[in-house]
Amino acid sequence: MGMTITEKNMARHAGLDVVKPGHIIECHLDAVLMNDITFPPARKEFLKIGKPVFDRHKIYLVPDHFTPNKDIQSATQAKVMRDFVREHGITNYFEVGRMGIEHVILPEKGLIGPGEMMIGADSHTCTYGAVNAFSTGVGSTDAGVAMAEGKTWFKVPETIKVELIGKPNKWVTGKDVILDLIGKIGVDGARYMALEFAGEGVQHMTMADRLTICNMAIEAGGKCGVFPYDEITEAYIKGRVNRPVEPINPDADAVYAQTITIDLSKLQPVVAFPHLPSNTHYINEIDKDIKIDQVIIGSCTNGRYEDLVAAAEIFKGRK
């Protein structure tokens, strides 16, 4: 019986030939990520262990939530991280002058690559499945222990296969794909499950689309989101990931908990209404007199300038 992308990744990092959903395993990690909010409590747990960091090059620290600091408390949080960086010689530290959103920095800098595994004390760490990695969010306690041990435990999740077919129409992006999926299955429809994207429609998903889709896997309760390794992945990591990588694609006889098909050719731009991302509506179903109070450009979901232009075009003439 074959394995999914996530199962094969977990088996590799656990040193096992085969894993199945429900197995409890211990995996060696390629990296651990934290930000200015989650690092201080993780550091407390790390200090209890009394060991040095497992690898000063594989701990990624990005103070991106309150940097530049908005007050004394946030400045203190950042200083805790900065002092730790100096004490332990952490090399992948991104503060003012070389910083940005953590989930954008890591793939752009090639710090996570195909077939690798990392955890992060931030729920949107699932972003990096876009580059064919296994990545998931954990609590600060797990991250603190992993800083010392370089490993952590998992329950192997079941996998939902999301089959993308057809070619998307103008203005349809990865954001619409993931919102449509969440609208179909709900905010807990993939609870502690992997979302594996597949099908001929994947070729129409740019890396920005894939990063956005995987970033929001957690909004459906997903343990992770992941894309297969293909020409788009290869082109993206070229010049970024300067180390040998071992991409992972699913076995032909992999077993999935369920398969959901999304026809990109029939998909319309999707808008999520308050107060849940599952409260979705297609753009052509929305009241034409709806008032827009604010447009936000750029976020951890990899907002693009062309998306802003698209939104402006769609809503042109509306109040």
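Quick caveat: nothing in here was measured; it's all calculated off a predicted structure.
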Check: [X]/[Y] side-chain N/O donor and acceptor closer than 3.5 Å:
X	Y	result
D180	Y282	yes
H204	D209	no
D71	S74	yes
E95	Y93	yes
H13	D30	yes
N215	T212	no
D64	N35	no

Straight-line distance of [X] [atom1] to [Y] [atom2], nearest 0.5 Å:
X	Y	atom1	atom2	answer
E219	S278	CD	OG	10.0 Å
R210	N132	CZ	CG	9.5 Å
H124	E102	NE2	CD	9.5 Å
L29	S135	CG	OG	11.5 Å
F39	M147	CZ	CE	5.0 Å

Worksheet entry | Residues that, via side-chain heavy atoms closer than 4.5 angstrom, fall in one hydrophobic cluster with V226 | I5, I248
Between the main-chain N or O of [Y] and the side-chain N or O of [X], is there a donor-acceptor pair closer than 3.5 Å?
X	Y	result
N92	H57	yes
D83	V80	no
R12	E246	yes
N69	F66	yes
T38	A121	yes
Q203	E200	yes
N279	A272	no
D263	S265	yes
E45	A42	no
D251	T4	no

Discussion item. If I compare all heavy atoms of M216 with all of I182, which pair ends up nearest, and what's the gap?
Written reply: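 Of all heavy-atom pairs spanning M216 and I182, the closest is O-CD1, 3.9 Å.
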Are the side chains of [X] and [Y] in touch, meaning some heavy atoms are under 4.5 Å apart?
X	Y	value
I260	L181	yes
E196	P250	yes
M34	Y60	no
I262	V162	yes
M118	L106	yes

Worksheet entry | Test salt bridge (charged side-chain N to carboxylate O under 4.0 Å, His left out) applied to K151 and E26, step by step | CA-CA 7 Å; K151 56 187 178 182; E26 186 176 69; 3.6 Å; yes
Discussion item. Hydrophobic clustering (ILVMFWY, side-chain heavy atoms < 4.5 Å, transitive) - are F54 and L33 grouped together?
Written reply: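 No, it is not one cluster - the side chains of L33 and F54 are not joined through contacts under 4.5 Å.
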Item to complete: For the residue pair F46 and H88, categorise the inter-ring angle as parallel (less than 30°), tilted (30 to 60°) or perpendicular (more than 60°).
Response: perpendicular
Worksheet item: Should the ring pair F197 and F227 be called parallel, tilted or perpendicular, given that the plane angle runs from 0 to 90° and is split at 30 and 60?
Response: parallel
Worksheet item: Charged N to carboxylate O below 4.0 Å: is that the case for E116 and K58?
Response: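 Salt bridge flag = no for K58 with E116.
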Fill in: Ring-face cation of R240 near Y236 (centre distance under 6.0 Å, axis angle within 45°)
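R240 over Y236 ring: yes.
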Worksheet item: For F94, which residues count as a ring pair (Phe, Tyr, Trp, His ring centres under 6.0 Å) partner, sequence neighbours excluded?
Response: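 F94 satisfies ring pair (Phe, Tyr, Trp, His ring centres under 6.0 Å) with no residue once adjacent residues are dropped.
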Discussion item. So, applying side chain to side chain contact (heavy atoms under 4.5 Å, CB included) with P157, which one of L195, T6, T136 is it?
Written reply: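 When L195, T6, T136 are each tested with P157, the side chain to side chain contact (heavy atoms under 4.5 Å, CB included) holds only for T6.
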